[in-house]
Amino acid sequence: MAKRRRDGTEHPRKGERQNYEEADRMSQVFEQYYREQSIASDEEDFRALLDILALPLPSAFRITASSRSRDLIREQLESKFTTLLQNSGMSPPIKLPWYPDNLGWTVDAPRFALRKDDALKEFHNFLITQNNIGLINRQEAVSMIPPLVLDVSPGMRVVDLCAAPGSKTAQLLDMLQGGCASPPTDEGLIVANDADVKRCWMLAHQLKRFSYPSLVVTSHSAVNFPAFEETFDRVLCDVPCSGDGTLRKAPDLWAKWNPQLALGLHRLQNLIARRGFELLKDSGLMVYSTCSFNPLENEAVVLALLRRFQGSIELVDSDRILPGLKRRKGMQFWKVPDFSSKGSSFFTSFADVPEHRRKRVVQTLFPPEKDEDSLRDVLPRCMRIMPHDQNTGGFFVAILRKTNSSTNDTTVGNSGNRFSSVRAPAQSHGTEEDESRITGRGDEEDEIEEKTTEMDQSAGQEMTGDQEPVKDDRASSRLFTDDPMVLLKERDPTASQTISEFYGIDAEVLERHFMTRGTGNNSKKIYFVSESVREIALRSVRASGVGDIRIVHGGVRILESCKREGQQSFRIAAEGAWLMKSLVSKRVVVLARDQFRWLMHAELPLPLTSVEVSSAREVLSALSVGPCLFVDSDENEAVSGWRGRRSLDLMVSREELGIIRHRLPVIRSEMITTGDEGTVLEPPPSREELPSLSPLDPTNMTELKTAGRDNILTAVEDA
């Protein structure tokens with residue numbers, strides 16, 4: 001018989017998810033454990049924590065810094081949607097006071113409320129549409145903190161060891177692009193890693209919108225992540241955890257939570273953090289973070305690192321980072337639960353643990369010993385985010401710097417760096433942990449689409465360090481052996497020559513930067529990769545056919561196989577249009593600003609017979625049937641297109657086209673006279689006269705019919 005709650009309703013069966021309204025939002029075990037750990041300043045503060053944990057989590061999102069529409073989105077939030085939410089009796093969207101450039105936002109309404117309230121349908125559709133296209137990222141507010149404090153800048157080499165589903169990696173990529181809408185000029189590298197191949201594909205899907213040729217998605221256990229020829233400037237270790245900081249958005253965790261989770265996870269977290277620090281170059285930064293309140297998963301892991309990497313590790317003081325963010329200092333004292341006793345007892349020192357229990361209750365779980373005052377003094381430099389301080393979830397962040405291992409200097413701070421820090425003094429090591437294996441993710445982030453699966457609810461899973469590792473299915477395993485990334489010219493020389501001649505791409509560029517997958521001479525997708533990614537990809541395939549780096553995705557998909565007059569050809573992929581603009585010398589149609597905008601707003605496909613501008617006719621008549629690239633000569637725009645036998649079309653999705661149209665409205669101009677006597681283009685309507693084309697509502701993502709859409713195209717000679 002199913003167990004019942006206090007109100008008489010039944011608890012869900014095993015494996016059955018609860019609705020938010022149905023979930024119990026209390027746990028005596030939770031209260032007893034954390035009251036004993038003193039995670040709050042006093043009893044009143046602890047009751048305030050419990051009260052807010054019973055409330056749903058506000059929605060939060062950030063605007064993509066490298067988006068060309070970021071100012072437009074901010075304008076919509078500050079005007080239209082502020083009015084909409086206020087008229088619905090709700091608080092308007094507000095800026096996160098600590099997020100730079102006013103790009104972080106929150107709404108005091110949970111996601112389920114936005115879905116159910118008809119009055120907020122337009123705002124809800126706005127969030128979904130913008131998120132799917134990548135102009136905003138729906139992400140818990142505290143989840144945005146680790147990438148921000150990692151202090152990433154263009155040109156750096158970065159690795160995210162536990163990356164899926166990818167919101168933090170997307171944030172890091174945004175920083176590597178320096179907030180610019182165009183591809184970066186400084187070649188950096190970002191490696192997004194996850195143990196689960198299926199989650200890696202989700203990663204690749206979410207990150208493709210950045211068109212970043214120095215992106216690699218790998219699938220390894222974070223504990224056993226392979227060494228690269230070069231170390232990394234930045235490492236993010238957002239590790240699997242018990243996830244009790246996410247109770248406000250995942251209330252079904254209340255019924256599953258127990259303090260024993262931390263014992264098994266501590267081993268795993270310790271090994272991941274250790275591996276991450278080993279990957280750092282000298283003076284590099286690593287961020288260790290969890291969405292847990294538990295000091296066994298937080299300060300205890302940081303303390304183990306300080307002990308292990310004695311003399312070459314610094315714990316960064318985070319007090320002056322992100323002004324406006326309310327944070328609390330790391331804990332200096334905590335206890336380790338004794339689960340062998342019937343009551344609720346705790347160990348305060350490793351010396352109290354019986355010999356036969358020390359295999360499970362290891363020394364690294366405990367706070368600093370009496371003779372480790374210098375380490376205890378450092379721990380407050382960690383950052384604890386408490387939900388009741390700024391109406392968020394719970395989070396823990398520690399920033400660690402790797403120093404020159406040959407240096408024994410213990411001075412405070414480094415000149416020329418905005419971070420001040422304290423180096424951990426030399427200490428004896430704790431006991432060595434047994435090998436553990438990756439199990440999943442602890443921080444559930446918002447996905448690209450507004451839907452979640454069991455795979456992406458790691459915060460709600462009961463995880464222990466003894467769980468079996470993620471096992472790839474047979475098809476996923478074959479990806480790395482039967483379908484490796486290889487140089488296009490070596491794998492398919494015919495396709496390489498066809499592309500070079502058709503698009504006028506420099507042979508050396510094509511030889512060094514164009515890669516494909518597969519073992520046959522039938523390349524379906526072509527990727528543009530940076531020098532760094534090429535070297536990594538080549539290393540992943542040895543003479544035996546199997547290397548030590550398991551690559552799921554690399555670079556930018558730039559071309560896709562298609563048929564042109566019965567022969568194999570390659571059209572430009574939507575995400576690769578920007579890159580192709582700087583590579584091709586053929587198949588380019590360069591348009592003036594007004595003419596490019598007219599094309600974006602035309603009813604598609606556009607009949608060639610409607611093109612009455614003589615210069616356009618000459619350019620298009622010289623093009624054979626097949627793919628082409630439309631380029632705006634005045635703005636940073638390039639769109640993949642197709643020149644058919646009788647019409648022109650744009651090779652972009654409906655959603656992407658809707659965003660382009662909204663960003664580039666048709667502007668009133670002077671009467672345009674064509675080269676044909678007596679033919680005059682009607683002036684386009686002003687912006688105010690245009691139909692309301694907004695990405696706020698998916699129903700608006702349709703082909704827009706505008707006045708004067710015929711005779712819109714003019715062009716310059718083939719570039």
Side-chain angles (χ1 to χ4, degrees), residues 62-68 70 96 98-104 134 137 139 143-161 163 166-193 207 209-216 228 230-238 276-277 279-289 314-325 383 397-404 413-421 529-533 536 555-556 578-579 636:
R62 60 179 178 82
I63 302 171
T64 303
S66 55
S67 165
R68 287 164 288 180
R70 70 179 193 175
L96 294 173
W98 43 266
Y99 203 102
D101 301 323
N102 296 326
L103 295 177
N137 297 264
Q139 183 178 356
S143 177
M144 305 175 193
I145 297 173
L148 288 177
V149 301
L150 199 53
D151 198 28
V152 171
S153 58
M156 286 185 172
R157 293 170 58 89
V158 184
V159 60
D160 186 351
L161 286 178
S167 294
K168 292 184 183 68
T169 313
Q171 199 173 351
L172 293 171
L173 256 176
D174 210 11
M175 296 174 182
L176 281 172
Q177 290 194 315
C180 299
S182 57
T185 55
D186 296 328
E187 183 177 304
L189 174 69
I190 184 163
V191 180
N193 178 74
L207 301 176
R209 66 180 184 269
F210 288 94
S211 299
Y212 193 69
S214 294
L215 165 68
V216 179
F228 281 47
E230 293 185 47
T231 48
F232 292 90
D233 300 285
R234 299 290 186 264
V235 175
L236 177 59
C237 289
D238 186 52
F277 196 77
L279 296 170
L280 268 183
K281 64 172 55 174
D282 287 348
S283 301
L285 291 179
M286 181 181 89
V287 165
Y288 173 84
S289 60
E314 299 177 17
L315 183 57
V316 173
D317 186 355
S318 60
D319 279 350
R320 298 180 181 179
I321 304 172
L322 301 183
L325 175 65
M383 183 190 306
V397 179
I399 311 167
L400 301 149
R401 181 189 290 111
K402 190 173 191 178
T403 62
N404 192 323
N414 281 329
S415 61
N417 194 300
R418 68 184 183 87
F419 293 107
S420 62
S421 54
V529 301
S530 66
E531 295 279 349
S532 300
V533 175
I536 294 171
V556 180
W578 283 357
L579 286 171
N636 187 22

* Asked: Closest heavy-atom contact between Gln177 and Ser66?
  -> OE1-OG, 3.2 Å
* Asked: Is there a side-chain contact between Phe210 and Leu215, using heavy atoms and a 4.5 Å cut-off?
  -> no
* Asked: Is there a donor-acceptor pair under 3.5 Å between the side chain of Arg234 and the backbone N or O of Leu150?
  -> yes
* **Matching residue for Ile399 among Ile321, Asp317, Asp151 - test: side chain to side chain contact (heavy atoms under 4.5 Å, CB included)** => Ile321
* Sequence-distant partners of Glu531, side chain to side chain contact (heavy atoms under 4.5 Å, CB included), two or more places apart -> Glu187, Arg512, His513, Arg534
* Output, in order, the C-alpha distance, side-chain angles, deciding distance and verdict of side chain to side chain contact (heavy atoms under 4.5 Å, CB included) for Val158 and Leu236. => CA-CA 8 Å; Val158 184; Leu236 177 59; 5.8 Å; no
* Asked: Just by distance, do the side chain of Asp174 and the backbone of Ala65 share a donor-acceptor pair under 3.5 Å?
  -> yes
* To do: Determine, step by step, whether Tyr212 and Leu207 satisfy the side chain to side chain contact (heavy atoms under 4.5 Å, CB included) criterion, reporting the C-alpha distance in whole Å, the side-chain angles of both residues, the deciding distance to 0.1 Å, and the verdict.
  => CA-CA 8 Å; Tyr212 193 69; Leu207 301 176; over 6 Å; no
* Listed by chain and number, what are the ring pair (Phe, Tyr, Trp, His ring centres under 6.0 Å) partners of Phe277, not counting sequence neighbours? -> Phe309
* Asked: Is the shortest heavy-atom distance from the side chain of Val159 to the side chain of Phe228 under 4.5 Å?
  -> no
* Asked: Just how far is it from atom CE of Met156 to atom CG of Leu285, taken to the nearest 0.5 Å?
  -> 7.5 Å
* Atom of Ser153, atom of Leu176 and distance for their closest heavy-atom approach -> O-CD2, 3.5 Å
* Report yes if some heavy atom in the side chain of Leu315 is under 4.5 Å from a heavy atom in the side chain of Leu400; otherwise report no. => yes
* Quick one: does Thr64's side chain have a donor or acceptor within less than 3.5 Å of a partner on Gly134's backbone? -> yes
* Asked: Which value, rounded to the nearest 0.5 Å, describes the distance between Asp101 atom CG and Ile63 atom CD1?
  -> 10.5 Å
* Structure fact -> dist Ile536:CD1 -> Ser530:OG (nearest 0.5 Å) comes out at 7.5 Å
* To do: Taking all heavy atoms of Ser289 and all of Asp238, pick out the closest pair and write down the distance.
  => OG-OD1, 2.7 Å
* To do: Applying salt bridge (Lys or Arg N to Asp or Glu O under 4.0 Å), name anything that partners Asp319, two or more places apart in sequence or on another chain.
  => Lys329
* Structure fact -> When rounded to the nearest 0.5 Å, the distance separating CG of Leu322 from OH of Tyr99 is 9.5 Å
* With the side chain counted from C-beta on, respond yes when Ile145 and Met383 share a heavy-atom pair under 4.5 Å apart, and no when they do not. => yes
* Asked: Which atoms form the tightest heavy-atom contact between Asn137 and Ala170, and what is the distance?
  -> OD1-CB, 4.2 Å
* Asked: If you look at every heavy atom in Met286 and Cys237, which pair is closest and at what distance?
  -> SD-SG, 3.8 Å
* To do: Test side chain to side chain contact (heavy atoms under 4.5 Å, CB included) on Leu148 and Met175 and set out the steps.
  => CA-CA 9 Å; Leu148 288 177; Met175 296 174 182; 3.4 Å; yes
* Take Ile190 and Asp160, measure what side chain to side chain contact (heavy atoms under 4.5 Å, CB included) needs, and give me the verdict at the end. => CA-CA 8 Å; Ile190 184 163; Asp160 186 351; 5.7 Å; no
* Short side-chain to backbone donor-acceptor contact, Gln171 and Met144, under 3.5 Å -> yes
* **Side-chain touch Leu280/Arg401, heavy atoms, less than 4.5 angstrom** => no
* Asked: Hey, does Ser532 have a side-chain heavy atom less than 4.5 Å from the side chain of Glu230?
  -> no
* Side-chain contact test, heavy atoms from C-beta onward, threshold under 4.5 Å: evaluate it for Pro147 versus Val152 and give yes or no. => no
* Can you check whether Leu161 reaches Val235 side chain to side chain, under 4.5 Å on heavy atoms? -> yes
* **Shortest non-hydrogen separation from Pro213 to Val533 and the atoms involved** => O-CG2, 3.4 Å
